[in-house]
Amino acid sequence: MGKLSRDFYDRDTVQTARALLGKYLVRRWHGLWLAGRITETEAYVGAVDKACHAYGGRRTPRTETLYAPPGTAYIYLIYGMYHCLNFVTEPAGTPSAVLLRGLEAAEGAEFLARNRFGKALAELTPYQKKNFLNGPGKVCRALDLTRAQNGLDLTGDELFLWDAGEAPPADIHVGKRIGIDYAEEAVDFPWRFYL
DNA sequence: TTCAGGATGTACT
DNA sequence: GTACATCCTGAAC
């Protein structure tokens, strides 16, 4: 029970990705709380993973955040219009992170719906409810996360992860990662975890 | 229900 | 100029 400390992120990335399922992402937003339960993650390990932006020690302005200390938010723009939120793992200088792919609304659902669809929760169609937060771009849209939050310290008070003290999820699914067809042998790494 | 195509900007070649 | 850790829409089934 409590905010996840830096130690939580300072270890093997694949283990961290798995351990994040069932934890809560919490965001302080305009004086109120937005939160969701994590349902889907993927691991990206720079040292061995061609799908990772920092594969082979690649260092550019964009990837610089991946080299930050564990427990840092890495947020980047993808396809010109969506953002993806990652949690930096492993010691500083080891470019690895966990991509957040899915949430279940927990706190501030009314505001999440407004950010995501521009209308009230009660007005969402069944299709919109079903596809509320089941993708990385959707999560960032609902939580109003952009590159302005890139580099945020996840042990701070603005954006952090919370262990609600729930029993570990019983039924964790494992699979290949999504949208990385270019990554050669890394395409098949079983580094996607979901409930 | 699945599927093709387009939107859109930044990073990198 | 090309590719990209995506999502939405509209058409076909």
Side-chain angles (χ1 to χ4, degrees), chain A residues 9 12-21 25 36 38-68 70 72-90 94-105 112-119 123-152 154 159 161 173-195:
Chain A
Y9 310 93
D12 177 77
T13 304
V14 176
Q15 280 183 39
T16 310
R18 176 186 279 270
L20 279 169
L21 294 177
L25 175 69
I38 296 177
T39 58
E40 185 175 355
T41 61
E42 285 179 359
Y44 287 84
V45 182
V48 297
D49 180 6
K50 287 178 182 161
C52 183
H53 292 157
Y55 172 67
R58 189 179 181 73
R59 244 180 145 123
T60 68
R62 179 178 64 157
T63 65
E64 196 57 32
T65 309
L66 282 168
Y67 294 83
T72 301
Y74 169 47
I75 303 177
Y76 62 90
L77 183 68
I78 189 67
Y79 297 116
M81 49 172 73
Y82 296 106
H83 296 271
C84 291
L85 168 63
N86 301 249
F87 311 119
V88 175
T89 55
E90 307 196 27
T94 311
S96 304
V98 174
L99 168 68
L100 176 65
R101 290 195 60 89
L103 287 180
E104 204 168 79
L112 294 175
R114 283 247 164 244
N115 285 339
R116 172 94 169 78
F117 298 110
K119 60 185 188 183
E123 295 171 343
L124 300 189
T125 66
Y127 183 81
Q128 286 175 320
K129 282 182 186 167
K130 187 181 162 211
N131 297 292
F132 194 6
L133 301 170
N134 60 342
K138 303 174 188 179
V139 167
C140 286
R141 191 100 140 87
L143 289 171
D144 190 27
L145 291 169
T146 67
R147 278 173 304 169
Q149 282 75 44
N150 182 41
L152 260 192
L154 297 171
L159 183 68
L161 285 101
H173 296 81
V174 181
K176 297 179 185 181
R177 292 172 295 172
I178 308 279
I180 55 159
D181 291 345
Y182 59 91
E184 302 177 26
E185 81 283 349
V187 168
D188 296 322
F189 292 178
W191 287 355
R192 172 172 173 245
F193 302 96
Y194 54 103
L195 298 180

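Throughout, a chain's letter reflects where its sequence line sits, starting with A, and its residues are numbered from 1.
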Does the side chain of [X] reach to within under 4.5 Å of the side chain of [Y], using non-hydrogen atoms?
| X | Y | result |
| --- | --- | --- |
| Thr72(A) | Phe87(A) | no |
| Leu99(A) | Tyr44(A) | yes |
| Lys138(A) | Asn131(A) | yes |
| Leu103(A) | Ile38(A) | yes |
| His83(A) | Leu145(A) | no |

Please work out if [X] contacts a base, only the sugar-phosphate, or nothing of the nucleic acid, heavy-atom cut-off 4.0 Å.
| X | value |
| --- | --- |
| Asn131(A) | nothing |
| Ile180(A) | sugar-phosphate |
| Arg101(A) | sugar-phosphate |

**Asked** Taking 5' to 3' order, which nucleotide of DNA chain C is first and which is last to have an atom within less than 4.0 Å of a heavy atom in chain A?
**Response** dC4(C) to dC8(C)

**Item:** More than 12 heavy atoms from other groups under 6.0 Å of CZ on Arg141(A)
**Value:** no

**Request:** Using heavy atoms and a sub-4.0 Å distance, could you list which residues of residues 136-143 of chain A are near DNA chain C? By number, please.
**Result:** Pro136(A), Gly137(A), Lys138(A)

**Prompt:** Can any side-chain N or O of Glu64(A) pair as donor or acceptor with the backbone N or O of Pro61(A) at less than 3.5 Å?
**Reply:** no

**Request:** Please measure how far the P atom in dC3(B) lies from the corresponding atom in dA5(C), and state the result in whole Å.
**Result:** 23 Å

**Spacing of Thr94(A) atom OG1 and Leu66(A) atom CG [to the nearest 0.5 Å]** = 11.0 Å

**Asked** Should Arg177(A) and Asp49(A) count as an ion pair when the cut-off is N to O under 4.0 Å?
**Response** yes

Can you list, pair by pair, the side-chain donor-acceptor contacts under 3.5 Å of residues 186-193 of chain A, counting residues two or more places apart and other chains?
| unit_1 | atom_1 | unit_2 | atom_2 | d |
| --- | --- | --- | --- | --- |
| Asp188(A) | OD1 | Lys176(A) | NZ | 3.0 |
| Arg192(A) | NE | Glu40(A) | OE2 | 2.7 |
| Arg192(A) | NH2 | Glu40(A) | OE2 | 3.0 |

**Request:** Indicate for each nucleotide in nucleotides 1-13 of chain B, in 5' to 3' sequence, whether protein heavy atoms under 4.0 Å reach the base (B), only the sugar-phosphate (S), or nothing (-).
**Result:** S-----BBBS-SS

**Item:** Donor-acceptor pair between Glu90(A) and Thr13(A) side chains, under 3.5 angstrom
**Value:** yes

**Complete:** Read 5' to 3' with Watson-Crick or G-U pairs under 3.5 Å, [ ] for crossing pairs and | for partners on another strand, DNA chain B gives |||||||.||||.

Side chains of residues 50-58 of chain A: which donor-acceptor pairs under 3.5 Å do they make with residues two or more places apart or in other chains?
| unit_1 | atom_1 | unit_2 | atom_2 | d |
| --- | --- | --- | --- | --- |
| Lys50(A) | NZ | Glu184(A) | OE1 | 2.9 |
| Lys50(A) | NZ | Glu185(A) | OE1 | 3.1 |
| His53(A) | ND1 | Tyr74(A) | OH | 2.8 |

**Item:** Pi-cation contact, Tyr67(A) with Arg59(A) (under 6.0 Å, within 45°)
**Value:** yes

